[in-house]
Amino acid sequence: MKIANSTAIMWSVAAATLPALAAATYLYGWGVCQQLFITVSAATLCELICLRWQGKPLAAAADGSAVVAACILTIALPPYVPWGVAAAAAIFAIGLAKHCYGGLGNNPFNPAMAGYALAFISFPEYFNAWTADATSHPTPLALARLGDPLAATTWLLALPALAAAAGGGVLLLLRLADWRLPLAFCLGAVATSMALALDWQTLIQGGLVFAAFFVITDPVTAATSRGGRWCYAALVGALAIWLRQHGSHSDSIAFAILIGNVLAPLCDLAVKQWRR
Amino acid sequence: MSAFIAVVITAALADNIVLGKMLGLCPFISLSRRLDIALGVGVATTAVLTVACALAWCLEGLLPEAFAPLRPLIFIAVVACAVQATTMLMQLTLPLIHRMLGVFLPLIATNCAILGIMLLSLQQENASFTQVVAHGLGGGLGFMLAIVAFALIRLRISEAQVPPTFRGAPLAVINAGWMALAFSGLAGAF
């Protein structure tokens with residue numbers, strides 16, 4: 001089966017994030033669903049306003065790209081951040097990262113990751129506490145960094161990764177995503193964590209698997225040539241692990257992706273020149 | 001040698017002069033419309049900066065204490081000399097690139113990123129000669145990386161149907177902001 005239409009692709013990607021959203025709801029409670037409602041509403045509203053202001057047909061909002069960005073954002077954001085922060089991240093994503101550049105297909109930066117990173121920089125106090133139903137505890141990643149073995153061994157940590165892989169696997173089977181991107185991303189991440197002598201469990205923590213299937217595979221912001229894509233995705237995978245260990249932010253996949261977006265055209269050019 | 005490379009990488013990526021310290025934005029915005037010009041300016045800036053940092057370190061040792069407030073002025077003169085030397089060298093060895101860069105080559109003398117890196121690298125306590133040169137080389141390479149990546153992204157979005165309000169400079173500034181946000185993730189990483 002081959003799905004060609006971009007609207008159908010977008011809605012399939014949105015549907016494929018559902019297992020990951022369900023796993024997050026199971027782990028962190030109904031806050032995730034609230035968050036999803038807030039981000040989807042804010043993203044859709046912003047999309048409609050931007051389309052209206054540019055004099056484009058409002059029906060273009062049905063292409064599903066805003067919903068996909070909102071779903072990815074919901075997974076990335078800590079549950080129970082104030083609704084204003086979630087809405088601001090969605091508005092940054094749709095307004096500043098997508099419509100300033102002329103809408104879907106033109107944005108050089110992944111909207112969801114750009115919105116997340118800008119919200120992270122703007123409201124850092126909300127991003128360091130992940131609360132699950134009133135019992136507050138630091139993020140599993142922060143615990144693992146401190147060397148808490150309990151946090152690192154609990155099977156619950158593997159649940160979001162498995163759910164994301166289930167949804168992402170379907171995307172790959174339907175050929176909605178280029179398989180080179182997740183593969184190169186994982187190779188880069190595994191090679192870096194081996195070079196840094198990290199526990200293999202760090203690879204399934206903190207949304208790395210989700211990013212491998214849903215964020216790095218964004219065809220608009222990735223490199224365009226085949227060789228460039230290998231280079232781009234491996235670079236992002238390596239950076240995600242390196243920055244997580246040595247960077248100053250608690251999790252850094254969003255920043256790794258954005259740096260990858262900055263360097264994606266350079267990857268294309270470098271591969272082209274090297275082949276010559 | 002590994003210390004030299006570490007300083008170069010830190011200066012180029014984590015403390016990127018354009019995207020981290022927001023210096024040298026004029027050439028970054030105005031000379032990034034074409035890839036070949038961006039690359040030429042990047043190479044020339046790197047060469048000038050390395051030479052200027054070496055000269056500045058030598059002068060710093062010779063300068064009497066009373067002249068300390070005049071350092072920026074003296075360094076501007078040093079940069080101008082380095083630019084002149086690079087121009088003449090380029091004219092002799094790479095006349096093609098020299099002609100291509102044209103007026104942009106002397107304009108490097110007024111690039112605040114160069115003066116900024118020189119002053120910052122000499123600010124460190126007991127900076128050694130190799131450290132200062134590595135800082136200059138890394139800063140220049142960081143400038144080159146930023147301006148070339150920016151030129152490529154501008155090339156990519158040049159075909160987009162950008163809303164009229166954002167066309168040209170506004171989008172360039174927004175784009176530079178996103179790039180700076182991305183590079184802020186590298187702070188302290190090396």
Side-chain angles (χ1 to χ4, degrees), chain A residues 50-51 53-56 92 95-111 113-122 220-221 223-224 228 236 239-240 242-249 251-270, chain B residues 6 9-10 12-16 18-20 28 32-36 38-39 42 141-190:
Chain A
C50 289
L51 287 171
W53 163 67
Q54 292 175 62
K56 289 182 180 170
F92 291 153
L96 260 169
K98 201 175 82 175
H99 276 292
C100 277
Y101 290 94
L104 181 63
N106 300 322
N107 46 314
F109 299 98
N110 184 298
M113 290 299 110
Y116 174 82
L118 191 50
F120 185 99
I121 292 284
S122 312
V220 178
T221 57
T224 45
V236 175
L239 260 180
W242 177 271
L243 290 184
R244 178 185 280 182
Q245 218 54 28
H246 295 285
S248 38
H249 302 314
D251 200 343
S252 47
I253 294 174
F255 290 97
I257 301 254
L258 286 179
I259 293 166
N261 292 159
V262 171
L263 299 179
L266 199 60
C267 290
D268 276 335
L269 185 75
Chain B
I9 290 178
T10 307
L13 297 176
D15 288 335
N16 192 293
V18 181
L19 300 173
F28 181 69
S32 54
R33 283 197 204 93
R34 278 178 55 191
L35 179 62
D36 47 357
L39 195 62
L141 289 176
F143 179 82
M144 187 158 80
L145 176 74
I147 196 168
V148 167
F150 191 46
L152 283 166
I153 290 182
R154 286 185 88 167
L155 212 64
R156 198 167 173 168
I157 60 181
S158 64
E159 292 144 23
Q161 296 218 322
V162 177
T165 325
F166 289 110
R167 220 162 276 167
L171 190 62
V173 176
I174 290 175
N175 201 22
W178 284 123
M179 287 172 73
L181 178 67
F183 270 67
S184 79
L186 287 175
F190 296 102

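Given the structure is predicted, the values throughout are model-derived calculations rather than measurements. Each chain gets a letter, A, B and so on, in the order its sequence line appears, and its residues count up from 1.
- When heavy atoms are compared at a cutoff of 4.5 Å, A:Tyr101 approaches chain B by way of both its backbone and its side chain.
- Annotation: maximal heavy-atom pairing with chain B below 4.5 Å, among A:Ala117, A:Ala114, A:Gly103, A:Gly260, occurs at A:Ala114.
- Using a 4.5 Å cut-off on side-chain heavy atoms (C-beta onward), B:Leu35 and A:Leu269 make contact.
- When each of B:Pro163, B:Ala160, B:Gly177, B:Ala149 is scored by its heavy-atom pairs under 4.5 Å with chain A, the top score falls to B:Pro163.
- Contact of A:Ile121 with chain B is made through the side chain alone, with heavy-atom distances under 4.5 Å.
- Under a cut-off of 6.0 angstrom, the local environment of CZ in B:Arg34 is sparse, with at most 12 non-hydrogen atoms contributed by other residues, nucleotides or ligands.
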Residues A:Thr224, B:Arg156; criterion side-chain contact (heavy atoms from CB on, under 4.5 Å); working and verdict: CA-CA 11 Å; A:Thr224 45; B:Arg156 198 167 173 168; 4.1 Å; yes
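- Contact annotation: the side chain of A:Phe109 never approaches that of B:Leu181 to less than 4.5 Å [non-hydrogen atoms, C-beta and beyond].
- Per-residue heavy-atom pair counts under 4.5 Å with chain A were compared for B:Ala146, B:Ala182, B:Pro164, and the maximum is reached by B:Ala182.
- Among B:Pro170, B:Ala187, B:Gly185, the residue with the largest count of heavy-atom pairs under 4.5 Å with chain A is B:Gly185.
- Of the listed residues A:Ile257, A:Asn107, A:Leu118, A:Leu263, the one with more heavy-atom pairs under 4.5 angstrom with chain B than any other is A:Leu118.
- Put simply, of A:Cys50, A:Ala97, A:Gly105, the one with the most heavy-atom pairs under 4.5 Å next to chain B is A:Ala97.
- In this structure, the portions of A:Leu96 lying under 4.5 Å from any heavy atom of chain B include both its backbone and its side chain.
- Using cut-offs of 30° and 60° on the angle between ring planes, the pair B:Phe150 and B:Phe28 is parallel.
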Steps toward side-chain contact (heavy atoms from CB on, under 4.5 Å) verdict (A:Asn261, A:Asn110): CA-CA 7 Å; A:Asn261 292 159; A:Asn110 184 298; 3.8 Å; yes
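- Between chain A and the options B:Ile174, B:Leu145, B:Asn175, B:Leu186, the largest number of non-hydrogen pairs under 4.5 Å is found for B:Asn175.
- Only the side chain of B:Thr165 comes within less than 4.5 Å of a heavy atom of chain A; its backbone N, CA, C and O stay farther away.
- Side-chain N or O atoms of A:Ser252 include one that pairs as donor or acceptor with a backbone N or O of A:Arg244 at under 3.5 Å.
- A donor-acceptor pair under 3.5 Å is absent between the side-chain atoms of A:Asp268 and the main chain of A:Ala223, judged by distance alone.
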